[in-house]
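The first residue in the sequence is number 1, and the count goes up from there.
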Amino acid sequence: MATVIGYLRVSTKGQGESGLGLEAQKAAIESYARQTGANVLTYYTEVESGTLANRPELARALSHCRRSKATLVVAKLDRLARNVAFLSALMDSTVPFVACDNPHANRLTLHILAAVAEAEAKAISERTKGALAAYKARGGKLGGQLPQCRNLTPEVIAKGQKIGAAAARKAAADAYADLAPTMKDWRAEGLTLQQIGDRLNSEGHTTRRGRPWNPVQVARVLERAEVK
């Protein structure tokens, strides 16, 4: 039985918390799995803009696919990206993937669809900028012009920085949650940090930034795993 890993994405934090859009994506992936007789191993959920290429959950999903020799499945092509260059890099990552809205699309078709999605995203961005410019022209205030954005005390700023740092540490730990136990086992077996990095690289794993592993990055993951 073939194995697939589902990737779900919504564009805003509000959508992510409410689940709007996620259930429909999951239903489409499960329907595809039933039709093809595949087993859905797990799901990765991202709350991020489709125009951004830095997505830790997608990186984790791709890493998991490589280890499990699974296919990455999304409900729609635009759940992956609205950027041709990013889609090209994904297609070159050696991880097979399927978009449920066009499961038989070839590489040329995917490039064309991605180009259309990129053009749509650009048009939306331009309309948004135009609307904001018109609002400002009518005397509307945005960002730092708003009174509530100018009364941050040093205490509030420090608290925000502390929360941000904690969130960054959690994101870093979560990004390698599926790899950390294996890395700890290898370390217990006596492998050096360099040997662990070499082994991860040889198996096709990358860091969440898409870079090869080195001893410093291995040490950081192991340290975070011990803290948790």
Candidate pair C65 and T71, rule side-chain contact (heavy atoms from CB on, under 4.5 Å), full reasoning = CA-CA 6 Å; C65 283; T71 297; over 6 Å; no
request  = Assess whether side-chain contact (heavy atoms from CB on, under 4.5 Å) is satisfied between V10 and Q25, documenting all intermediate values.
outcome  = CA-CA 10 Å; V10 289; Q25 292 178 50; 4.0 Å; yes
query = Yes or no on side-chain contact (heavy atoms from CB on, under 4.5 Å) for L58 and R9, after CA distance, side-chain angles and deciding distance?
reply = CA-CA 9 Å; L58 179 57; R9 184 185 68 78; over 6 Å; no
ask   = Does the pair V40 and I5 meet the rule for a side-chain contact (heavy atoms from CB on, under 4.5 Å), with working shown?
value = CA-CA 6 Å; V40 181; I5 289 176; over 6 Å; no
task = Take E57 and Y7, measure what side chain to side chain donor-acceptor pair (under 3.5 Å) needs, and give me the verdict at the end.
result = CA-CA 8 Å; E57 288 304 305; Y7 176 71; over 6 Å; no
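We find the CD1-CZ distance between I29 and R34 to be 12.0 Å, quoted to the nearest 0.5 Å. With values rounded to the nearest 0.5 angstrom, L8 atom CG is found 7.5 Å from K26 atom NZ. With rounding to the nearest 0.5 angstrom, the CD atom of Q217 is 9.0 Å from the CE atom of M183. Residue L72 holds its CG atom at 10.5 Å from CZ of R66, rounded to the nearest 0.5 Å. Note: W213 CH2 to H205 NE2 = 9.0 Å, rounded to the nearest 0.5 Å. Rounding to the nearest 0.5 angstrom, the gap separating the CG atom in N214 from the OG1 atom in T207 is 8.5 Å.
For L179 against L200, the heavy-atom pair with the smallest separation is CD2-CD2, 4.0 Å. Contact between T42 and Y44 at its shortest, heavy atoms only, is CG2-CE1, 3.6 Å. Nearest heavy atoms, S68 versus L41: OG-CD2, 3.7 Å.
Ionic pairing of E126 and K129 is not present here: no N-O contact between side-chain nitrogen and carboxylate oxygen is shorter than 4.0 angstrom.
Two residues are said to be in side-chain contact when any heavy atoms from C-beta on lie closer than 4.5 Å; T206 and P212 fail this criterion. Between C100 and V74 there is no side-chain heavy-atom pair separated by less than 4.5 Å.
Residues satisfying the salt bridge (Lys or Arg N to Asp or Glu O under 4.0 Å) test with E30, not counting sequence neighbours, are none.
Residue pairs meeting the salt bridge (charged side-chain N to carboxylate O under 4.0 Å, His left out) criterion with at least one member in residues 193-206, sequence neighbours excluded: R199-E203. Within the structure, side chain to side chain donor-acceptor pair (under 3.5 Å) contacts touching residues 155-167 (residues at least two apart or in different chains) are T153-E155.
With hydrogens and angles ignored, the 3.5 Å screen pairs no side-chain donor or acceptor of R60 with any backbone N or O of H64. Under the 3.5 Å distance criterion, the side-chain polar atoms of T128 are matched with a main-chain donor or acceptor of I124. The closest donor-acceptor contact from the side chain of E189 to the backbone of W186 lies at 3.5 Å or more, if one exists at all.
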